[in-house]
Amino acid sequence: MTTVDLPLLPLGRGADQLSERGVECPGDLPSASDPDLVARAEAAKEKLGDKVFVLGHHYQRDEVIQFADVTGDSFKLARDAAARPAAEYIVFCGVHFMAESADILTGPQQQVILPDMAAGCSMADMARIAQVEKAWDALAAAGVQDLVVPVTYMNSSAAIKAFCGRNGGVVCTSSNAEVALDWAFQQKGVDTKVLFLPDQHLGRNTAVLKLGYSLDDCVVWNPHKPDGGLTPEELAKARVILWKGHCSVHGRFTVDVIDDLRAKVPDLNVLVHPECQHEVVLNADFVGSTEYIINTIEAAPPGSSWAIGTELNLVQRLANAHPDKNIMFLDRNVCYCSTMNRIDLPHFVWAMESLVDGVVVNRIEVDPKTEAEALVALQRMLDLPGKTHRD
Ligand code: 13P
Ligand code: SF4
């Protein structure tokens, strides 16, 4: 992997991105230095057989992804979980909101396990249900709520997906945001507005670059300001109300680094995730979900050069898998998603061995009412017309 002036920092679990859920690992977590961890994981998987189905998000560490039955982006994993009704246990190597979605989409006889409860998502945590309900009331007070369709990115709590379900909205992922937003804009006639939660960048990039809205059509709702910091006139004029949330990993990529790399690497292709800032996406050559990023690199000719703006575990894996291509990270610093990295081999082994012993640890269970309402919004996503996934 080429690292242009990239100092390698130690792999971090930055407290800034940790989303502690107040759940300690109750059992004896194996030591990270145990030389038998791989053999223990293999043995547990073998013993559990078809009872267990292991899902691995593309941002997971290599040490964990090697045990995944399927890998994918959040959309693909949601579909894969739903398509495995026979597996008693779904071990989700990803983050909390993904495991919640898997629980919602799987049957009541199936149990979803997140090996470390601290594997949250700082972006998802930027929209709390109480804040969203308050914003919804404020939209009513401003006289615009009847025109608003809520759309939430998969990276949100089950409670927010349920909010979208009961208010005529939909869930989307980075694979299908364009189709989902298009659907949403058709729900309330020509004056429809969309409230996009919680990632302002995915919302803005999709509305402006895919659906042709202008930046002036977009306003940002700041949950920490009264009435979102917006006047009734601004809300009346807006077509897209973007929640003030962002990804602390993808938000780091800058145009400055793109320019720097383009000056150093001839014929460089810049490939980024749509959670990046608008200016970064504008200056990139290709933009798409993690699944799209993988497919693009696989289809790229040998010898081509790529700077990739997404999570570092994935970029490193792509660089290792494609030594014939010049693949580099689009940041001067190492930046893993620290919460994705919470799922390490000791936690995986602990969760799997507990299952072998008949003990389900770290079960993710969404309450029935939230589940029913969230399922409405998730099902609307899965039913979206046309091409909803680039695989
Ligand atoms: P994908 O929808 O591409 O899997 O992205 C999930 C995510 O957390 C990106 O930061
Ligand atoms: Fe959340 Fe960003 Fe990590 Fe994805 S990369 S899980 S959006 S913090």
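The residues of the chain are indexed from 1 along the displayed sequence. Every number for a ligand or one of its atoms is a count from 1 in the order of the listing.
- Aromatic ring centres of Phe97 and Phe92 lie farther apart than the 6.0 Å criterion allows.
- Nearest non-hydrogen protein atom to atom 1 (P) of ligand 1 is Ser174 OG, 3.5 Å.
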* Please report the C-alpha distance between Lys45 and Asp69 in whole Å, then the side-chain angles of each, then the deciding distance to 0.1 Å, and finally whether the salt bridge (charged side-chain N to carboxylate O under 4.0 Å, His left out) criterion is met. => CA-CA 10 Å; Lys45 201 155 182 254; Asp69 292 308; 2.8 Å; yes
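- Contacts with ligand 2 closer than 4.0 Å are made by no heavy atom of Glu311, backbone or side chain.
- The protein heavy atom nearest to atom 6 (C) of ligand 1 is His57 NE2, 3.7 Å.
- Heavy atoms of Met154 found under 4.0 angstrom from ligand 1: none, in either backbone or side chain.
- Under a 4.0 Å criterion applied to the non-hydrogen atoms of Ser74, ligand 1 contributes the atoms 1 (P), 2 (O), 4 (O).
- Contact analysis leaves Lys76 out of contact with ligand 1, as no non-hydrogen atom separation drops below 4.0 angstrom.
- For atom 4 (Fe) of ligand 2, the nearest non-hydrogen atom from the set Asn155, Val249, Val95 comes from Asn155.
- Between Tyr153 and Glu275 there is a side-chain heavy-atom pair separated by less than 4.5 Å.
- Remark: Phe67 engages Phe348 in a ring pair (Phe, Tyr, Trp, His ring centres under 6.0 Å) (not counting sequence neighbours).
- Taking a 4.0 Å cut-off on heavy atoms, Glu291 fails to register as neighbouring ligand 1.
- Of all protein heavy atoms, the one closest to atom 9 (C) of ligand 1 is Glu275 OE2, 2.9 Å.
- Side-chain N/O atoms of His273 and Glu311 include no donor and acceptor closer than 3.5 Å.
- A salt bridge links Asp34 and Arg40; the closest N-O separation between the charged side-chain nitrogens and carboxylate oxygens is under 4.0 Å.
- The option from Gly251, Cys335, Ser122 that lies nearest to atom 8 (S) of ligand 2, judged by heavy atoms, is Ser122.
- If you check the side chains of Tyr59 and Thr310, you find a donor sitting under 3.5 Å from an acceptor.
- For atom 1 (Fe) of ligand 2, the set of nearby N, O or S atoms under 2.8 Å includes one belonging to Cys121.
- Listed by number with element, the atoms of ligand 1 under 4.0 Å from a non-hydrogen atom of Thr290 are 1 (P), 3 (O), 4 (O).
- For Asn341 and Asn313, the side-chain atoms include at least one donor-acceptor pair closer than 3.5 Å.
- By the criterion of a heavy-atom distance under 4.0 Å, neither the backbone nor the side chain of Glu311 is placed next to ligand 1.
- Listed by number with element, the atoms of ligand 2 under 4.0 Å from a non-hydrogen atom of Cys337 are 3 (Fe), 5 (S), 6 (S), 8 (S).
- For Glu88, there are no side chain to side chain donor-acceptor pair (under 3.5 Å) partners at least two apart in sequence or on another chain.
- With 3.5 Å as the limit, one finds a donor-acceptor pair spanning the side chains of Ser175 and Asp73.
- With a 6.0 Å cutoff to the six-membered ring centre and a 45° limit on the axis angle, Arg84 counts as a cation-pi contact of Phe53.
- Contacts with ligand 1 closer than 4.0 Å are made by no heavy atom of Tyr292, backbone or side chain.
- With a heavy-atom cut-off of 4.0 Å, Asn155 touches ligand 1 through its side chain alone.
- The shortest N or O to N or O distance between His273 and ligand 1 is below 3.5 Å.
- Less than 4.0 angstrom separates some heavy atom of Asp73 from each of these atoms of ligand 1: 1 (P), 3 (O), 4 (O).
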